[in-house]
Structures are given as structure tokens and as C-alpha cells.
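These notes are about the structure you will find just below.
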Amino acid sequence: MFQTGVIAAYSGGKLPGAIGIVRMSGNGVLEIMDRIFKPKRGKAMSECKSNEMIYGDLLASDGQCIDICLACVFRGPHSYTGEDMAEIYCHGSEAIVSAALRSAYACGARPAEAGAFTKRGFMNGKMDLSAAEAVADLIYAQTEQGAKNAAALLKGHHAKPLAAMKERLLGLIAHFYAVCDYSDEDIEPFEYQQAAQAVSEDAAALEKLYRGYLRSAALNDGISVAVVGKPNVGKSSLFNCLAGFERAIVTDEAGTTRDVVGHRIALEGQLFNLMDTAGIREGAGLAESMGIGRSYEAANEASLVIAVFDGSRPLDGEDREILELCKGKQTVAVINKTDLQGCDLTEVREAFGEVLELSAKTGEGVDRLTDWLLRNAPDETEILITGERQAALIRQAADALREAQQSAELGLTADAFLLDAERAARLIGQVLGDDVDIDITHGIFSRFCVGK
Ligand SMILES: Nc1nc2c(ncn2[C@@H]2O[C@H](COP(=O)(O)OP(=O)(O)OP(=O)(O)O)[C@@H](O)[C@H]2O)c(=O)[nH]1
Ligand SMILES: [Mg+2]
């Protein structure tokens, strides 16, 4: 077992608070607990059962009682880290928490680095690397959906099928070698077509996972919504209406907004990442032109687009540029300024499936736009891979399998097929944490906070 002495850290929330949690792990934790926590019922902590709350005195390093609180021991291997662990649930004051840590240090514990507890859990085989990464996702989750996704990853939603895929590939490779090495024995022949079919199905499954990863930013950042249109149609006014305050500058000059301005809003628990953009037009100066470049990027990358038109003016070439830009995108057209005398915007009505008339100035009709956002938010029912490291490995494994598939279909030498299949199996293994470089694991665990 991987074990390097006792580590200790504060693992609770912001202090002061109702309860502070001091956590320790490693060989020798029980002895430290015997010295710093005295159960009321007289037994030593090391004689208490695992996973049971014990009431007692917490002692400062001079032996004096500094709190009366609860503590618990978790004996390895049935603990988060796989080692002996203990947690003290003291009152959430800075003074008590730091006194408890000092007591632990005086007995030989040392401060834990960020992610040290989870790293020990990984090293001791309590979880694979993708699950360890999901722990960080859980801690940093900003939405309920993000947390649910992380919890599913932690439970091995993708890790289990990936481990099975790796085993299948290794089985395929072993079968091939067996046929070569023991050709005189009664072994089922190796069918290239079947092998090609199998790796093609696996490659498709990996490609789907990778596509899911590309959508995963929306879990915590919200669904991206770009507000686009030519200058002065009221994009920033509408954006402010949705934000609920004067987030972006509004003036009657065309070309007011020159950069992408972002703001997140929650509608019925669903997070949207709104982006106000620079009005699109020809002949703008340098800064504005750069801003317009960003408007195009925002429209192209957003999940949803709100195309704004000025209902009090006839359509012109700049508006038609917006019609062009929105082709093929999930767009709602907004005809703004309905509080003014209206013009005929038949072209807009014909170009878009959905057209809403509203006034960003009075707020009239804006609720229909929020309804539209909710109705058109992509419904993410899939559990998504969220880690960049995992996604890159999955992408490479899918490519390796596609190459293996091609070699098998073209009837190339067995070597080509096997090499690619083996490479894919190794890459999938790395998603789960097999043969992962020590530097890479260090990078992963340093993302965590201290105490986790
Ligand atoms: N009457 C009326 N005026 C509006 C409405 N919406 C916006 N305006 C006005 O139109 C002008 C331009 O509004 P903005 O929100 O800055 O327009 P924009 O599209 O963001 O403009 P740029 O940032 O220059 O691209 C301002 O004077 C607003 O007060 C509306 O619904 N009715
Ligand atoms: Mg603006």
C-alpha cells in the first residue's frame, strides 16, 4: 500500500462557521487521535469502532481542552484514502481549527498538500483517475446539473464501459497472438472482418464521448447565447433587460459596444451565458472591427442566437448580413422597438422560424424571449466527459481505432492492425489512470483544494 505518514488539513467550509472539519490520514492516525481527542465515555479513540461519531474533548498541543465536539475514525482499507483516517468535527472557529492542526502536527502529522487525500485514494486503488478528476468537478460544480454529471462520473458512468472496452481490445489482441503462436492447436480463427466491425463500434462510442466533451462547458458556464445584430438596434438594451441591470453601456450612437460583454443568468434553475456583441457593420475603425470579428465568433460558437432588428426602420443591407450569419443556427429573431411606429419587416418574418416583437425600452414582450430560451435550451440528458486530459486521450484512442479498422478492412498486415489496437487500449488505460506519468497526476491533484 502507498503510505507516507500522516497528513492533516482543514477540510471544511469558510471560517468562522457552525462546524469545522479537520481531517487526517495515514499510518499512525489512531495514535495521534489517542493523544489529541479524549472520548467522554473513557475509551481511547483507537478502541472505538470505525465510522462512529464519538463525543469528547479536543486537546490543544499543551494538553488543555480547547473544544468539546465530535470525532470519528475510519480504518483502512475501508476509508476514502484506503488508509486509517480520522475526522474531527469541532466548532468552526479559526482558533480551534488551527489549535487542532497544531496538536496533530505536534504528534507527527504534516500539512496535506492540495488534493493529497484523493491522491492517496487513487494510489491505493480506491478510485480510478477519471473518478478522482470527477471529485474535483463535484467540488467546483456551479450548477445542479454540473454536480449531477460529476456524481455520475464518480460512480464510473463512463469508466466502467471504458474499462470493458479496453479488456475487449486486449482480448482481441490476445486472440490474434494465440492464433499466430499456437497455429497447430484448436483455436478459433481470427476473423479480420469481425475485428474491423468491433473496433469500428468502439471508435464510434469514443467519438460520441468526445463530442459530448465539446458540449460539457455548458454544464457549469451555462448555455451560451449570443445577441447579434447591426449597430443601434437595441442589443445592449435587450441584454440589460435579460440581465436585470445596466450591465452594458447603451447610447444612441451606433457602434457603442465594441467587445463581447458576458453575463450569466439563471432561468428556472437553468444557467444561460448571455453575450452582448458589437453591432455588425462595414467600414468601422480598428477597435470596432476587431470587436465585430468577435461578434462573428460569438455567433458561431453559441448554442443559441438572438438576432435583433430595429422594428422602426426598414430593413437594409446590414440587416441582410445578419440574416445570412444566422443561417443554420438555432436562432430567434427579435423585432425590437415596438413602442415606436413600425416598419414592414416581412423579410425577417420569412427568414426565421420564430419571430418575437418586443420593446427593450419598456420591457413589453421580453418574457416571451425568456420562454423561448427555456424552450430551446439543449436538453442534456447524456452524462458528459468533462476533463480535457481524458477528452484528448479519448480522441487519440478513437483515431487509433479508426486506423486499426482501416488496416483490417484493407487486409493490410496484421502488424498494422495490432499496433493501432494496442495503442488504443493503452490510451484508454490512461484515461482510467494506468501507467500515467507522475507529473500528470501531480497536475491533476493540484487542481483540488487542500483537505480533499
Ligand atoms: N424607443 C426605443 N428605443 C430603444 C429600444 N431599445 C433600444 N433603444 C434605443 O436604441 C439606441 C441604441 O440602443 P443600444 O442598446 O445601445 O443598441 P445596440 O444594438 O447595443 O448598439 P451598438 O452597441 O452600437 O451595436 C439607444 O438610444 C436605446 O435607448 C426600444 O425598444 N425602444
Ligand atoms: Mg450595444
Side-chain angles (χ1 to χ4, degrees), residues 224-263 265 272-302 304-327 329-370 372-373:
S224 50
V225 184
V227 185
V228 298
K230 72 173 183 189
N232 242 359
V233 290
K235 297 179 297 300
S236 300
S237 306
L238 183 58
F239 171 81
N240 288 346
C241 254
L242 293 168
F245 71 110
E246 298 297 303
R247 172 72 180 83
I249 298 170
V250 170
T251 74
D252 53 11
E253 264 176 49
T256 302
T257 308
R258 298 186 159 203
D259 207 341
V260 175
V261 181
H263 186 71
I265 57 164
F272 292 88
N273 185 12
L274 300 178
M275 290 176 287
D276 182 21
T277 64
I280 292 175
R281 64 168 165 183
E282 290 289 332
L286 181 62
E288 198 186 336
S289 297
M290 288 171 78
I292 291 171
R294 291 181 184 197
S295 304
Y296 280 100
E297 269 171 40
N300 288 328
E301 284 166 16
L304 301 175
V305 175
I306 302 174
V308 186
F309 300 90
D310 185 339
S312 68
R313 289 169 188 274
L315 212 71
D316 63 15
E318 282 170 349
D319 289 310
R320 291 194 184 92
E321 174 68 26
I322 303 299
L323 299 185
E324 201 53 37
L325 169 67
C326 295
K327 273 193 184 146
K329 297 188 173 68
Q330 180 92 344
T331 310
V332 62
V334 164
I335 296 182
N336 188 31
K337 311 198 187 182
T338 49
D339 54 297
L340 301 177
Q341 179 77 35
C343 282
D344 173 32
L345 293 189
T346 313
E347 246 180 286
V348 172
R349 290 177 211 286
E350 283 170 355
F352 292 97
E354 198 133 9
V355 179
L356 302 176
E357 294 187 32
L358 54 84
S359 166
K361 188 166 191 168
T362 65
E364 178 89 44
V366 174
D367 51 343
R368 276 184 284 126
L369 181 59
T370 53
W372 183 88
L373 289 173

Can you confirm whether L304 sits close enough to L373 that some side-chain heavy atom of one is under 4.5 Å from a side-chain heavy atom of the other? yes
Sub-3.5 Å donor-acceptor pair from the side chain of K329 to the main-chain atoms of L325, do we have one? yes
Side-chain contact test, heavy atoms from C-beta onward, threshold under 4.5 Å: evaluate it for I306 versus L369 and give yes or no. yes
Report the distance from atom CD1 of I280 to atom CD of E321, rounding to the nearest 0.5 Å. 6.5 Å
Between S312 (side chain) and G342 (backbone), is there a donor-acceptor pair under 3.5 Å? no
Quick one: does N232's side chain get under 4.5 Å of D310's, heavy atoms only? no
Are the side chains of V233 and N336 in touch, meaning some heavy atoms are under 4.5 Å apart? no
Has R281 got more than 12 heavy atoms of other residues, nucleotides or ligands less than 6.0 Å from its CZ? yes
Close side-chain approach of L238 to V334, heavy-atom, < 4.5 Å: yes
Taking the side chain as every heavy atom from C-beta outward, state whether E357 and R349 have any pair of such atoms under 4.5 Å apart. yes
If you compare all heavy atoms of F239 against all heavy atoms of H263, which two are closest, and at what distance to 0.1 Å? CZ-CB, 3.7 Å
Sidechain-backbone polar pair: N300 side chain, E297 backbone, donor-acceptor under 3.5 Å: no
Where is the tightest heavy-atom contact between K230 and K235, given as atom of each residue plus distance? O-NZ, 2.8 Å
Close side-chain approach of M275 to V227, heavy-atom, < 4.5 Å: no
Distance from D367 atom CG to C241 atom SG, nearest 0.5 Å? 10.5 Å
Judged by atom type as modelled, is there a donor-acceptor pair below 3.5 Å linking the side chain of D276 to the main-chain atoms of V261? no
Are the side chain of D339 and the backbone N or O of S359 linked by a donor-acceptor pair below 3.5 Å? no
Grab the two heavy atoms, one from S289 and one from A284, that are nearest each other, plus how far apart they are. OG-O, 3.1 Å
Approximate separation, where rounding is to 0.5 Å, of E246 CD and N240 CG: 4.5 Å
Closest non-hydrogen atoms of E288 and G255, given as atom of the first, atom of the second and distance, are OE2-CA, 3.6 Å
Neighbour count >12 (heavy atoms, 6.0 Å) for atom CD1, I249: no
To the closest 0.5 Å, what do you measure between CD1 (I335) and CZ (F352)? 9.5 Å
Nearest 0.5 Å, what's the CD-CG distance between E350 and L345? 11.5 Å
Minimal non-hydrogen separation, C326 against A307, with atom names: SG-CB, 3.8 Å
Taking all atoms of both residues into account, what is the closest heavy-atom pair of T277 and A298, and its distance? CG2-CB, 4.0 Å
R247 side, atom CZ; I265 side, atom CD1 - distance, nearest 0.5 Å: 13.0 Å
Close side-chain approach of F309 and L315, heavy atoms under 4.5 Å: yes
Return yes when atom CD of E354 has more than 12 non-hydrogen atoms of other residues, nucleotides or ligands closer than 6.0 Å, and no otherwise. yes
Is a side-chain N or O of S295 found less than 3.5 angstrom from the main chain of G291, in a donor-acceptor match? yes
